[in-house]
Amino acid sequence: MKISELLKKDTLSISFEVFPPKTDFSFDTVKTATEEIAKLRPAFMSVTYGAGGGTSKYTLDIAKNIKSLYGVPTLAHLTCVSSTRETVKQRISDIKEAGIQNVMALRGDIPSDRMNEDRSKWDYTYAVELIEELTQSGGDFCIGAACYPEIHPESANQREDILHLKEKVAAGASFLTTQMFFDNNLLYNFLYKIREAGITVPVIPGIMPITNANQVERAVKLSGSFMPQRFKSLVDKFGHDPDAMKQAGIAYATDQIIDLYANGITNVHVYSMNKPDVAEKIKNNLSDILGK
Ligand code: FAD
């Protein structure tokens, strides 16, 4: 099922993100974790793509497995910046053959040792080129793209970032998923600005439950997200106690989701990171709200 169709529902739906194994040895562990999450019957599940990594082939294996065993619609991520045109075309053909209809079209991060290369020689420089490749592939895909309420770290300013976002939508992205954020006001502000700029496709907020103190530093480094004082206090108080931190992080993420729904947002994507217990607790916390 196409995600653009799922997004038409006006009751709260939750989707989860998982990532493929980083080594061949961990395939079975990841497969089991993703199946546990699929059993929670989320609206859909997304499977990330290790840019240029040797295990990127597993994205499709995991996505196919979830779809065929549990009937959960899947969204296969695909990146382009570290790949040749030939590889990307092959991946698109594999996705099509696997019967996966939804593709998250991403550029991927530029490896630090390639930052100073002549980019005119690359097969792909921006995600918009991958979106064009997908639309020209004859695959009838539902294409998603990434967006950044707090601006992509390489962008000079938000106006430019939104301009390029608009190009991705014009090229064929039919929905957008946001980078994680910990202050919902940043999302509301961003939505106002993109709607004003004429971007009308659905936006799915991405919520990251922070369940251990080490994750905080990584998350901030990765996304550049602003940490509200309320969140910092929680990490200061519970960071040293793994069980308490997990409970507090799940409660914070749940609270963000409830606030989003109360403000009219019906689809929320949870960066569940192959943690079935976290995904389940969030779903349980929302049990009386889901579907209403
Ligand atoms: P783009 O849309 O190409 O944007 C990158 C930068 O270039 C931005 O600053 C943008 O403003 C600018 N830009 C875009 N077009 C132009 C243009 N024509 N001219 C000049 N500047 C331009 N990474 C992975 O490796 N695997 C994943 O599975 C993955 N999943 C993700 C899912 C989500 C929801 C998000 C938010 C990110 C994900 N990422 C993933 C990370 C993503 O690959 C990085 O954030 C990457 O740096 C940018 O990807 P993009 O698709 O947003 O790039």
Side-chain angles (χ1 to χ4, degrees), residues 3 15-22 34 44-60 62-63 74-83 87-88 91 95 100 102-112 114-115 119-120 122-134 143-173 175-181 186-187 190 193-194 197 199 201-208 218-219 221-225 267-274:
I3 287 173
S15 49
F16 292 122
E17 181 157 299
V18 295
F19 56 83
K22 291 195 169 69
T34 56
F44 69 88
M45 281 171 74
S46 70
V47 188
T48 65
Y49 187 84
T55 60
S56 48
K57 59 180 186 287
Y58 287 136
T59 297
L60 203 50
I62 297 285
T74 50
L75 169 65
H77 289 205
L78 184 62
T79 67
C80 60
V81 78
S82 298
S83 305
T87 306
V88 167
R91 294 278 187 243
I95 293 172
I100 307 276
N102 305 294
V103 183
M104 187 73 178
L106 300 142
R107 184 195 68 177
D109 284 324
I110 300 171
S112 51
R114 297 188 60 204
M115 278 294 184
R119 297 185 186 189
S120 66
W122 295 359
D123 283 356
Y124 302 93
T125 314
Y126 298 111
V128 67
E129 295 154 41
L130 176 57
I131 296 171
E132 284 160 0
E133 193 80 74
L134 281 157
I143 304 169
C147 64
Y148 302 84
E150 296 176 75
I151 310 179
H152 185 272
E154 287 166 39
S155 286
N157 55 59
Q158 195 166 45
R159 199 188 59 81
E160 230 176 68
D161 214 23
I162 291 177
L163 206 72
H164 296 310
L165 187 59
K166 210 171 166 181
E167 287 164 3
K168 293 200 279 192
V169 174
F175 68 94
L176 303 168
T177 305
T178 75
Q179 179 61 283
M180 67 182 90
F181 56 89
L186 293 165
L187 189 268
F190 172 72
K193 286 181 180 160
I194 65 166
I199 297 174
V201 295
V203 175
I204 312 178
I207 296 295
M208 167 78 91
R218 254 183 293 134
K221 198 169 162 218
L222 183 81
S223 63
S225 304
N267 298 279
V268 179
H269 196 53
V270 177
Y271 294 118
S272 47
M273 311 280 289
N274 301 1

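Whatever order the structure lists ligands and atoms in, that order sets their numbers, starting from 1. Heavy-atom basis, side chains included; hydrogens, waters and symmetry copies ignored.
When atom types are taken as modelled, the side chain of Asp161 and the backbone of Ser155 share no donor-acceptor pair closer than 3.5 angstrom. Put simply, the side chain of Lys168 gets close to the backbone of Ala146: a donor and an acceptor are under 3.5 Å apart. Ser15 places no side-chain N or O within donor-acceptor distance of the main-chain N or O of Met45, the cut-off being under 3.5 Å. Proximity of a side-chain donor or acceptor of Glu160 to a complementary backbone N or O of Asn157 within less than 3.5 Å is not detected. Judged purely by atom type and a 3.5 angstrom limit, Asn102 uses its side chain to pair as donor or acceptor with the backbone of Thr74.
Atom 8 (C) of ligand 1 has its nearest heavy-atom neighbour, among His152, Met104, Lys168, Glu17, in His152. The option from Arg107, His164, Glu129 that lies nearest to atom 21 (N) of ligand 1, judged by heavy atoms, is His164. Residue Tyr126 holds the heavy atom nearest to atom 14 (C) of ligand 1 of all those in Tyr124, Phe19, Tyr126. For the residues Glu167, Gln158, Glu160, Gln179, the heavy atom positioned nearest atom 18 (N) of ligand 1 is part of Glu167.
The contact set between ligand 1 and Tyr271, taken as ligand atoms under 4.0 Å from a residue heavy atom, comprises 34 (C). Close approach of ligand 1 to Gly108 (heavy-atom distance below 4.0 Å) involves ligand atoms 43 (O), 46 (C), 47 (O), 49 (O). Annotation for ligand 1: atoms under 4.0 Å from non-hydrogen atoms of Thr48 are 28 (O). Shown in contact with Thr79 at under 4.0 Å from a heavy atom are these atoms of ligand 1, numbered in order with element: 24 (C), 25 (O), 26 (N). Those atoms of ligand 1 with a heavy atom of Ala146 less than 4.0 angstrom away are 35 (C), 36 (C), 52 (O). Residue Tyr49 has at least one heavy-atom neighbour below 4.0 Å for each of these atoms of ligand 1: 24 (C), 25 (O), 26 (N), 27 (C), 28 (O). Here is the list of ligand 1 atoms found below 4.0 Å of a heavy atom in His77: 27 (C), 28 (O), 29 (C), 30 (N), 32 (C). Applying the 4.0 Å criterion to heavy atoms of Ser155 picks out, from ligand 1, the atoms 8 (C), 9 (O), 10 (C), 11 (O).
Taking any N or O of Leu106, backbone or side chain, none lies under 3.5 Å from an N or O belonging to ligand 1.
Between atom OG of residue Ser225 and atom CE of residue Met180 there is a gap of 5.5 Å, rounded to the nearest 0.5 Å. Expressed to the nearest 0.5 Å, how far OG1 of Thr178 lies from CD1 of Ile207 amounts to 6.5 Å.
Remark: Tyr271 engages His269 in a ring pair (Phe, Tyr, Trp, His ring centres under 6.0 Å) (not counting sequence neighbours). In this view, Phe19 satisfies the ring pair (Phe, Tyr, Trp, His ring centres under 6.0 Å) rule with no residue, not counting sequence neighbours.
Residue contacts with ligand 1: Val128 is excluded, as none of its non-hydrogen atoms falls under 4.0 Å.
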